[in-house]
Enquirer: 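Can you keep this structure in mind? I'll have questions shortly.
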Amino acid sequence: MNEARDNVVVCPTWFTATPSDTAGWMTGPNRALDPERYFIVVPNHFGAAVSSSPSNTPPPFDRGRFPHVTTYDNVVAQHRLLTEELGVERIRLVSSWSMGACQTYAWAALHPEMVQAIAPISGSARTANFNKVFLAGNIRAITSDPDWNDGFYGDKPPIRGVKTMAALYAGWGFSEPFYRQEVFRTFGASTVEEFIDYFWDAFFIKCDANDLLAQMWTWWHNDLGDHPAFGGDFEAALGAIRARTIILNAETDSYFPPVDSEYEARCIPGGQSRPIPTIWGHLAPFNPEDQKFIDGALRELLED
């Protein structure tokens, strides 16, 4: 943190991500979020295996007994971390991807006096119905595996269910043009089947099934208006945001489409929706070319 204490950036984690994952994809030398220039805090959200999660919490709140956690629950805990432990009073920027973007909106709505700018990337302030269709398939894939055992599996976790989820996810994470143009070959896969094995299976089988389900509950129930301060009024919650806002959703994102971002931007004073021109769909931040587009917006917010 610098002497003026005005270089704080908060970068919440996304679905399945550890803080090192998020730091690896969002920060670095010559990136907009350069750790040599900014004091970057990367808090792990509940359920993501580093913070309190089904896989690491002792009884009686372990495994299938882990309590449900909302996006706001995460932000309340993160606010305590920053203010009580780190002495932070102002945040220059909150930005992250996917579930991290959901937390970004909540930060700005709940603490408008503290957050100066936000850049939600491939996320939304409220989980849309079509997004829930996607999540329902993932949830059923895991819970239909006999080894799931209502969340109380032992040394035989529901790997088949997680792999089924991975195959479902493959059709939503990237776009149809991504597959039509066979961009998956850049990952070393010669066929779609190999790509699912190399990329998607590897992405998810390292995760605990209960952790995945806990995070999907949070994702499903994400709604910026669902807080006592807003009484269920989604538009009022968006209108409470005072941070300079650029929303960055990929043109080809299947479950966080720019049409939702455009509506959210209209409800946020001075908000902008700036679609990422890409065929990489939801995973645009993994593409170096799309990172340049994202970093351009982040620099704009950081430097003004």
Enquirer: If every non-hydrogen atom of P257 is compared with every non-hydrogen atom of N249, which pair is closest and at what distance?
Expert: O-ND2, 4.0 Å
Enquirer: Given 3.5 Å as the limit, does a donor-acceptor pair link the side chain of Q78 with the main chain of P43, or not?
Expert: no
Enquirer: Charged N to carboxylate O below 4.0 Å: is that the case for D295 and R31?
Expert: yes
Enquirer: Are F204 and W25 connected in the hydrophobic side-chain network, where two residues link if heavy atoms are under 4.5 Å apart?
Expert: yes
Enquirer: Rounded at 0.5 Å granularity, tell me how far CG in L224 sits from CZ in R126.
Expert: 9.5 Å
Enquirer: So, for G123 and A101, which heavy atoms are closest and what is the spacing to 0.1 Å?
Expert: CA-CB, 3.6 Å
Enquirer: Scan side-chain atoms only and decide if T278 and D290 contain a donor-acceptor pair under the 3.5 Å cut-off.
Expert: yes
Enquirer: For the CD1 atom of I121 and the CD1 atom of I247, what is their distance to the nearest 0.5 Å?
Expert: 11.5 Å
Enquirer: Around atom CG of N30, are there more than 12 heavy atoms of other residues, nucleotides or ligands at under 6.0 Å?
Expert: no
Enquirer: Is P158 close to T143 at the side-chain level, that is, under 4.5 Å between some pair of heavy atoms?
Expert: no
Enquirer: Is there a donor-acceptor pair under 3.5 Å between the side chain of T57 and the backbone N or O of S52?
Expert: no
Enquirer: Using the ring pair (Phe, Tyr, Trp, His ring centres under 6.0 Å) definition, which of the options W97, F134, W172 pairs with H282?
Expert: W97
Enquirer: Contact between N2 and F39 at the side-chain level, heavy atoms closer than 4.5 Å - yes or no?
Expert: no
Enquirer: Give a yes or no on whether R80 atom CZ has more than 12 heavy-atom contacts from other residues, nucleotides or ligands under 6.0 Å away.
Expert: no
Enquirer: Side-chain contact test, heavy atoms from C-beta onward, threshold under 4.5 Å: evaluate it for N210 versus W148 and give yes or no.
Expert: yes
Enquirer: Can you list the steps and then say if Q215 with H45 is a side-chain contact (heavy atoms from CB on, under 4.5 Å)?
Expert: CA-CA 9 Å; Q215 292 173 84; H45 63 267; 2.9 Å; yes
Enquirer: Is there a donor-acceptor pair under 3.5 Å between the side chain of R5 and the backbone N or O of G87?
Expert: yes
Enquirer: Would you kindly confirm whether L82 and L33 end up in one hydrophobic cluster when ILVMFWY residues are joined by side chain heavy atoms under 4.5 Å apart?
Expert: no
Enquirer: When you group the ILVMFWY residues by side-chain heavy-atom contacts below 4.5 Å and let the links chain together, are L81 and V75 in the same group?
Expert: yes
Enquirer: About how many Å separate CD1 of I91 and CD of E113, when rounded to the nearest 0.5 Å?
Expert: 9.0 Å
Enquirer: Among H227, H221, H79, which residue satisfies the ring pair (Phe, Tyr, Trp, His ring centres under 6.0 Å) criterion with Y72?
Expert: H227
Enquirer: Would you tell me whether W219 and N131 have side-chain atoms, one donor and one acceptor, within less than 3.5 Å of each other?
Expert: yes
Enquirer: Do you know which two heavy atoms are closest between A250 and A284, and how far apart they sit?
Expert: CB-CB, 4.2 Å
Enquirer: Once rounded to the nearest 0.5 Å, what's the spacing between atom SG of C11 and atom CD of Q103?
Expert: 10.0 Å
Enquirer: Would you say R185 has more than 12 foreign heavy atoms packed within less than 6.0 Å of its CZ?
Expert: yes
Enquirer: For the residue pair Y169 and Y255, does the interplanar ring angle fall in the parallel (under 30°), tilted (30 to 60°) or perpendicular (over 60°) class?
Expert: perpendicular
Enquirer: Taking atom CD as the centre, does E89 end up with more than 12 heavy-atom neighbours from other residues, nucleotides or ligands that are less than 6.0 angstrom away?
Expert: no
Enquirer: For Y153 and I159: C-alpha separation, side-chain torsions, deciding distance, then whether side-chain contact (heavy atoms from CB on, under 4.5 Å) applies.
Expert: CA-CA 11 Å; Y153 45 87; I159 294 298; over 6 Å; no
Enquirer: Just wondering, more than 12 heavy atoms not from K206 lying within 6.0 Å of its NZ?
Expert: yes
Enquirer: Tell me whether V50 shares a hydrophobic cluster with I205, the cluster being built from Ile, Leu, Val, Met, Phe, Trp, Tyr side chains joined at under 4.5 Å.
Expert: no
Enquirer: Report, as yes or no, whether the 6.0 Å neighbourhood of atom CZ on F130 holds more than 12 heavy atoms from other residues, nucleotides or ligands.
Expert: no
Enquirer: For F195 and F199, take the angle between the two ring planes, folded into 0 to 90°, and tell me which bin it lands in: parallel under 30, tilted 30 to 60, perpendicular over 60.
Expert: parallel
Enquirer: Verify, without hydrogens or angle tests, whether T245 (side chain) and G271 (backbone) share a donor-acceptor contact under 3.5 angstrom.
Expert: no
Enquirer: Give a yes or no on whether R65 atom CZ has more than 12 heavy-atom contacts from other residues, nucleotides or ligands under 6.0 Å away.
Expert: yes
Enquirer: Does any donor atom in the side chain of D21 or T18 lie under 3.5 Å from an acceptor atom in the other side chain?
Expert: yes
Enquirer: What residue among S95, S122, P285 forms side-chain contact (heavy atoms from CB on, under 4.5 Å) with I294?
Expert: P285
Enquirer: For the OG1 atom of T27 and the CD atom of E36, what is their distance to the nearest 0.5 Å?
Expert: 10.5 Å
Enquirer: Under a 4.5 Å side-chain heavy-atom rule over Ile, Leu, Val, Met, Phe, Trp and Tyr, are W107 and V9 clustered together?
Expert: no
Enquirer: Please say which of E262, E300, E251 ends up in a salt bridge (charged side-chain N to carboxylate O under 4.0 Å, His left out) with R274.
Expert: E300
Enquirer: What's the separation between atom OG1 in T13 and atom CG in N44, rounded to the nearest 0.5 Å?
Expert: 4.0 Å
Enquirer: Could you go through the side-chain hydrogen bond (donor to acceptor under 3.5 Å, both in side chains) check for N74 and T71 one step at a time?
Expert: CA-CA 5 Å; N74 281 291; T71 300; 5.7 Å; no
Enquirer: Show the nearest heavy-atom pair for residues I279 and Q181, with the distance to one decimal.
Expert: CD1-OE1, 3.5 Å
Enquirer: For the pair W200 and F174, name the ring-plane relationship: parallel under 30°, tilted 30 to 60°, perpendicular over 60°.
Expert: perpendicular
Enquirer: Minimum heavy-atom separation for A119 to T104, with atom names?
Expert: N-CG2, 4.2 Å
Enquirer: Can you name the nearest heavy-atom pair linking A109 to P112, along with the distance?
Expert: O-CD, 3.5 Å
Enquirer: Look only at the side chain of D211 and the backbone of A48, and say whether a donor-acceptor pair between them is shorter than 3.5 Å.
Expert: no
Enquirer: Is it true that atom CZ of F61 has more than 12 heavy atoms of other residues, nucleotides or ligands lying nearer than 6.0 Å?
Expert: no
Enquirer: Keeping R92 on the side-chain end and D6 on the backbone end, is there a donor-acceptor pair under 3.5 Å?
Expert: yes
Enquirer: Decide ring-ring contact (aromatic ring centres under 6.0 Å, His included) for W280 and F178; before the verdict, give the C-alpha distance in whole Å, the side-chain angles of both, and the deciding distance to 0.1 Å.
Expert: CA-CA 6 Å; W280 279 57; F178 176 93; 5.4 Å; yes
Enquirer: Checking side-chain contact (heavy atoms from CB on, under 4.5 Å) for the pair N222/M99: CA distance, chi angles, key distance, verdict?
Expert: CA-CA 9 Å; N222 178 59; M99 280 186 74; over 6 Å; no
Enquirer: Is it true that the side chains of S53 and S55 contain a donor and an acceptor less than 3.5 Å apart?
Expert: no
Enquirer: What is the ring orientation for F184 with Y179, classed by angle as parallel under 30°, tilted 30 to 60°, or perpendicular over 60°?
Expert: tilted
Enquirer: Quick one, M1 and V88 - any side-chain contact, counting heavy atoms below 4.5 Å?
Expert: yes
Enquirer: Yes or no on ring-ring contact (aromatic ring centres under 6.0 Å, His included) for F46 and W217, after CA distance, side-chain angles and deciding distance?
Expert: CA-CA 11 Å; F46 293 122; W217 191 98; over 10 Å; no
Enquirer: Taking N7 for its side chain and R37 for its backbone only, find out whether a donor-acceptor pair lies under 3.5 Å.
Expert: yes
Enquirer: Decide yes or no on side-chain contact (heavy atoms from CB on, under 4.5 Å) for I40 and M26, but give the supporting numbers first.
Expert: CA-CA 10 Å; I40 305 170; M26 288 289 297; over 6 Å; no
